[in-house]
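Data first, discussion second: the structure below is written as structure tokens.
Quantities reported herein were computed from a predicted structural model and do not represent experimental measurements. Counting starts at 1 for both ligands and their atoms, following the listed order.
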Amino acid sequence: MNGSNTESEAGLVAEDAQKLNSFFSTFGGRNKSLLLLDYDGTLAAFRVNRFTSKPWAGVRELLHAIQRQDRSHIAVITGRPAIEILPMLGLEKAVEVWGLHGAERICEDGHRELEQISEQAREHIASLHEQLRRDSLGGLLEAKPNAAVMHWRGASAEKARRIEERTLDLFQRYLQFEGFRLLKFEAGVELRVGRDKGGAVEAIMNAQAGNGPVAYLGDDLTDESAFRAVNACARPHMSVLVKAKRRESAAEIWLRPPAELRAFLKQWLEAGNQA
Ligand SMILES: [Mg+2]
């Protein structure tokens, strides 16, 4: 870290700052670095209306500079449908986006792939959507091809507790079916089939040849599988919990958004310049 008033010293734990410096010292080989990012809560603040969550001030410009530098492969891995991300991110050049927690992928050239799930699983999901459209149990249903998601962000604690209880009661009946999993996150729960964010991270690392350094940044419980996938890889790696308050996590370091996130991206850019 340079200077005493830079954002990078906004409060980063000394041990984490040291880990970051060692990570960035691995930049400079022939291979591109992989910058893997969650969206909500990581690049942008949460909004009850999820279509209004723009990146934090300065984040778009930093990502744009990293793109122009052309030393990194950037991918966003989100729980949302992938198509929602690029318009909100607002970059001049598209990045790879994995949606639905890894079940869906839109490549930089716009090509879209959706993980195939069995006919039977699809029918279960469709009937669950139908049931929740009739009665959303007090929450907000988000219907995805491979999942049903119940949101209660913004509800009072008492109301949230009741929605969660009723939703879990319903979702648990589906866990007897093959491949179905519960994915709890902040202010919601998802019942889903198929690849998770960790699977998406593995797929990206397999597709991006070489052993360039890789980082994954995320905030939610759904990011833990991605942290673990990054921690287990043979490349130089860094898993980053981006969150105002620290919590138990597989992530190697913790950054508080947005200042420490901006500092991280600036350091990424500088490390690429030296490469
Ligand atoms: Mg998130």
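- Taking a cutoff of 4.0 Å between a charged side-chain nitrogen and a carboxylate oxygen, Glu186 and Lys243 qualify as a salt bridge.
- Contact check on Asp135 versus Arg166 returns a salt bridge, with a Lys/Arg side-chain nitrogen under 4.0 Å from an Asp/Glu carboxylate oxygen.
- In this model, a donor atom of one side chain and an acceptor atom of the other lie less than 3.5 Å apart for Gln267 and Asn21.
- Take the N/O/S atoms of Asp38: the one nearest the Mg ion (ligand 1) is OD2.
- The minimum distance between the Mg ion (ligand 1) and any N, O or S atom of Asp219 involves atom OD1.
- Remark: Arg161 engages Glu165 in a salt bridge, criterion side-chain N to carboxylate O under 4.0 Å.
- For Asp40, the nearest N, O or S atom to the Mg ion (ligand 1) falls under 2.8 Å.
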